[in-house]
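Scroll down for the structure; my scribbles are underneath it.
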Amino acid sequence: MKTRIEILNTINNFDSMNLHAEKIELIKLVLQTEKESVLKKLKQVLVDDVNENQHELTLLQKTELDRRLRRMENDETEFYTWEDLEQKLK
């Protein structure tokens, strides 16, 4: 009998294979089209997707921001004006 980890790995591999097959199918369709407008639209969709994913926060970053927000909401954070900082640095 397969362990839970083995089953999850099988599912992940299956999903990866499906994704790979989808990419190959898309490549075939791109190679078949002769419409420049379709290629431009597809390119824009892919560029937008790449740009969108570049701005995602990691789980660690999200956790840290949540921690800081909680501290701020609980008045556990000190805030300084620019003038305060200048005085501290002198």
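This structure is a prediction, so every number in the text was calculated from the model and none was measured.
Annotation: the span from Lys41 atom NZ to Gln44 atom CD amounts to 12.0 Å, rounded to 0.5 Å. For the atom pair Lys23 NZ and Asn18 CG, the distance stands at 12.5 Å (nearest 0.5 Å).
Side-chain heavy atoms closer than 4.5 Å link hydrophobic residues (I, L, V, M, F, W, Y) into clusters, and following such links, even through other members, never connects Leu26 to Ile24. In terms of hydrophobic clustering, with Ile, Leu, Val, Met, Phe, Trp and Tyr side chains grouped at heavy-atom distances under 4.5 Å, Leu46 and Leu29 are assigned to different clusters.
Between the side chains of Asp66 and Thr63, no donor N or O sits under 3.5 Å from an acceptor N or O.
Counting side-chain heavy-atom gaps under 4.5 Å among Ile, Leu, Val, Met, Phe, Trp and Tyr, the cluster of Ile27 also holds Leu31.
For the pair Glu76 and Arg71, the tightest heavy-atom approach, listed with the atom from each and the gap, is O-NH2, 2.6 Å.
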Checklist line | Step-by-step side-chain contact (heavy atoms from CB on, under 4.5 Å) determination, Arg70 to Arg67 | finding: CA-CA 5 Å; Arg70 277 193 309 277; Arg67 183 189 71 79; 3.8 Å; yes

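With a 6.0 Å radius and a threshold of 12 heavy atoms from other residues, nucleotides or ligands, Gln61 has its CD atom above the threshold.
Salt bridge status for Lys90 with Glu86: absent, with no side-chain N to carboxylate O gap under 4.0 Å.
The side chain to side chain contact (heavy atoms under 4.5 Å, CB included) search around Leu69 returns Met72, Glu73, not counting sequence neighbours.
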